[in-house]
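What follows is a single structure, written as structure tokens, with notes after it.
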Amino acid sequence: MQVATTVDGMRRLRSQAVGSVGFVPTMGYLHEGHLSLIRRARAENDVVIASIFVNPTQFGPTEDFEKYPRDPQRDLSLLQQERTDIVFMPSPVEMYPEGFATYIDVGGPTEVLEGAHRPGHFRGVATVVLKLFNIVQPTRAYFGQKDAQQLVVIRKMVDDLKLNVEVVPCPTVRETGGLAMSSRNVYLSPDERRAALILFRALSLAERLCRAGERDANKLRDRLHLLMAREPLASVDYISVAHPETLQELETIEVPALVSLAIRIGDTRLIDNFVVGEKRPSPVLAELGLAAR
Ligand code: AMP
């Protein structure tokens with residue numbers, strides 16, 4: 001496995017790569033969710049490239065950029081175990097040298113949900129992802145459904161700008177009990193970790209209600225708000241029932257619909273989602289014995 005810390009170094013390694021390139025961009029502090037993307041990229045490409053970069057421009061001024069968990073040595077050894085070929089690990093100043101002034105604003109799907117609650121977040125995401133795509137020149141890029149809106153935004157950018165890369169969505173990997181894996185789960189105390197299961201419970205309830213024929217999106221949102229109100233450690237940023245591509249809130253549920261949540265558990269903000277009304281359950285959930293919800 002080769003590691004590049006500069007743009008020039010990464011470009012040199014890329015120019016020597018032969019065949020298809022699968023790319024997995026991450027912010028590091030890797031867990032099984034990230035590794036599932038690496039494995040998928042490994043299975044589908046000749047060369048696998050991962051990046052580790054905690055991107056300052058996607059964090060708001062009051063967010064956790066400074067304290068975001070980092071452990072590059074452990075990350076590198078996990079990536080090596082998964083037979084990653086190249087890791088791109090630039091510094092913030094390498095990606096944003098003095099005078100950097102070009103940003104990507106994806107319209108439409110960035111204006112709601114995470115975009116509405118985290119101003120500038122997707123501007124930072126789109127800018128860094130486009131820059132990484134330009135440097136890495138991947139054939140395919142792998143993103144987790146865990147960040148459903150991010151996937152929509154990246155796909156929109158790729159389509160609008162006709163970028164020559166295939167975006168591959170990958171299912172959310174969960175811990176036993178259903179909590180979606182996230183680098184931020186490390187912030188949770190044992191009590192908060194128990195309370196955080198409320199996200200999966202709420203999404204499971206949404207799916208059950210949809211299966212039972214509920215089509216009134218407001219009723220569905222109300223039921224999820226009621227459930228959240230019973231968990232003293234949880235406070236709601238948003239509960240959304242939206243169209244999976246436009247992300248516009250629905251009045252009447254047409255399936256598939258994207259049910260997504262942003263919930264604060266203590267000081268930690270967690271997001272999760274289900275696409276409800278899909279014909280087949282996620283194979284990852286089936287593996288965990290969580291498919292028969
Ligand atoms: P991050 O390091 O949080 O920026 O995530 C890097 C990539 O891993 C993104 O495409 C995420 O959507 C994906 N990812 C994060 N958590 C999970 C998870 N639990 N299951 C699947 N993919 C994930």
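We use all heavy atoms of the structure for the numbers below, so side chains are in, but hydrogens, waters and symmetry mates are not. Order of appearance sets the numbers: ligands from 1, and atoms from 1 within every ligand. The structure displayed is predicted, hence computed values, not measured ones.
Protein heavy atom in closest approach to atom 4 (O) of ligand 1: Met27 CG, 3.5 Å. Among all non-hydrogen protein atoms, the one lying nearest atom 21 (C) of ligand 1 is Pro171 O, 3.4 Å. Scanning the protein heavy atoms around atom 11 (C) of ligand 1, the nearest turns out to be Asp147 OD2, 3.1 Å. The protein non-hydrogen atom at the shortest distance from atom 8 (O) of ligand 1 is His34 CD2, 3.4 Å.
For Ser183, no heavy-atom contact with ligand 1 is shorter than 4.0 Å. Looking at His31 against ligand 1, only its side chain comes within 4.0 Å, counting heavy atoms. When non-hydrogen atoms are compared, ligand 1 lies under 4.0 Å from the backbone of Pro25 (N, CA, C, O) but not from its side chain. At a heavy-atom cutoff of 4.0 Å, ligand 1 is contacted by no atom of Leu151, backbone or side chain.
For the side-chain contact (heavy atoms from CB on, under 4.5 Å) with Met157, the qualifying choice from Val152, Val167, Thr127, Leu130 is Leu130, the only one to do so.
The side-chain tip of Arg70 points at the ring of Phe65 from less than 6.0 angstrom away and within 45° of straight on.
Look at Asp8 and Arg11 and you find no salt bridge, because none of the NZ, NE, NH1 or NH2 atoms lies under 4.0 Å from a carboxylate O.
Counting non-hydrogen atoms of other residues, nucleotides and ligands closer than 6.0 Å to CZ of Arg223 gives a total of 12 or fewer.
Residue contact check: Phe143 has heavy atoms under 4.0 Å from atoms 10 (O) of ligand 1.
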